Amino acid sequence: MKFFIDTADINEIRDAASYGLLDGVTTNPTLVARTGKPFLQVLREICEVVDGPISAEVTSLDYEGMKREAGELAEIHENIVVKIPLIMEGLKCVRWCYENEIDTNVTLCFSPTQALLAAKAGATYISPFVGRLDDISHDGMDLVAQIIDIYNAYDYETEVLVASVRHPLHVVEAARIGADVCTMPFSVINQLVKHPLTDIGLQKFLEDWKKVPSIPAPAASASIAPAGKGGAKKSPPKRK
Ligand code: E4P
């Protein structure tokens with residue numbers, strides 16, 4: 001499952017990217033507004049830091065306006081994915097983007113029928129908002145499962161991007177049901193690694209380590225030979 005960060009804050013993006021686990025970025029008008037910077041500046045800064053899909057949202061509501069914005073955003077960098085709201089005019093623009101080889105992320109998806117339309121229009125990503133559904137007592141992850149079933153039934157290539165993620169359990173469920181991407185706030189990415197038993201265990205190991213007697217440094221001739229036959233360095237496993 002790919003990990004995207006859901007923020008427009010360049011410091012958070014830099015920090016998350018430094019661990020080598022970040023596959024992309026999603027932004028929205030609210031997140032961009034929080035930075036206090038102009039939209040294009042925010043996008044350019046992000047494109048310099050992350051080499052992966054970066055969602056940038058259009059704000060027009062009509063087809064012509066969306067099409068114009070989509071073209072302008074796609075010109076900024078090859079990694080820009082145009083984020084388009086799930087309304088009829090938006091779907092028309094998704095189709096236009098598909099025909100013009102512009103990647104799209106169809107946002108504000110709250111139902112399986114909306115997701116079906118987005119796939120038919122040729123969306124690159126569909127973004128079901130799980131947290132906002134949970135907020136109104138609907139099961140957000142159930143929507144994700146339904147979308148995955150529908151897309152699998154017809155071999156749609158649209159990737160399921162779980163959005164509006166609020167906590168690590170959303171991430172666990174997204175991974176269990178085979179979502180393609182999960183976009184998370186910086187706080188949730190940090191929560192994924194935390195476990196009190198890891199901290200307690202580490203503390204105990206370090207305390208015990210202090211009790212290990214130190215030995216004199218070995219002579220050069222007695223140094224331990226490297227294991228294996230040497231030769232070409234193994235390449236790291238392919239990341240999913
Ligand atoms: C996704 O692309 C959106 O930017 C985001 O996940 C919305 O999340 P929220 O419901 O926490 O605002």
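None of these values were measured; they are calculated from a predicted model. Each ligand, and each atom within it, is numbered from 1 in the order the structure gives. Residue numbers count from 1 along this sequence.
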| task | For ligand 1, find out whether one of its N or O atoms is nearer than 3.5 Å to an N or O atom of Thr107. | result | no
| field | Candidate with minimal heavy-atom separation from atom 3 (C) of ligand 1, of Thr27, Val162, Asn28 | value | Asn28
| query | What atoms of ligand 1 come within less than 4.0 Å of a heavy atom belonging to Ala163? | reply | 1 (C), 6 (O)
| query | So among Thr26, Thr124, Asn105, Thr183, which one has a side chain to side chain donor-acceptor pair (under 3.5 Å) with Ser55? | reply | Asn105
| task | Return the set of residues passing ring-ring contact (aromatic ring centres under 6.0 Å, His included) with His167 (not counting sequence neighbours), or none when no residue passes. | result | His170
| field | Closest approach of any protein heavy atom to atom 8 (O) of ligand 1, naming residue and atom | value | Ser164 CA, 3.3 Å
| Nearest non-hydrogen protein atom, atom 7 (C) of ligand 1 | Phe129 CE2, 3.6 Å
| field | Joint cluster assignment, Val171 & Tyr125, ILVMFWY side-chain distance < 4.5 Å | value | no
| Which residue supplies the protein heavy atom nearest to atom 12 (O) of ligand 1, what is that atom called, and how far is it? | Arg132 NH2, 2.8 Å
| query | Tell me, which protein residue and heavy-atom name are nearest atom 5 (C) of ligand 1, and how many Å apart are they? | reply | Asp6 OD2, 2.8 Å
| query | Within the distance-only criterion (no hydrogens, no angle test), does the side chain of Tyr156 pair as donor or acceptor with the backbone N or O of Ala123 below 3.5 angstrom? | reply | no
| side-chain hydrogen bond (donor to acceptor under 3.5 Å, both in side chains) contacts in which one or both residues fall within residues 109-120, not counting sequence neighbours | Ser111-Thr113
| query | Under 3.5 Å, N or O to N or O, is Arg166 touching ligand 1 that way? | reply | yes
| query | Would you say ligand 1 has an N or O under 3.5 Å from any N or O of Lys83? | reply | yes
| query | So does Asp208 pair up with Lys211, basic N to acidic O under 4.0 Å? | reply | yes
| Is a side-chain N or O of Lys83 found less than 3.5 angstrom from the main chain of Thr107, in a donor-acceptor match? | no
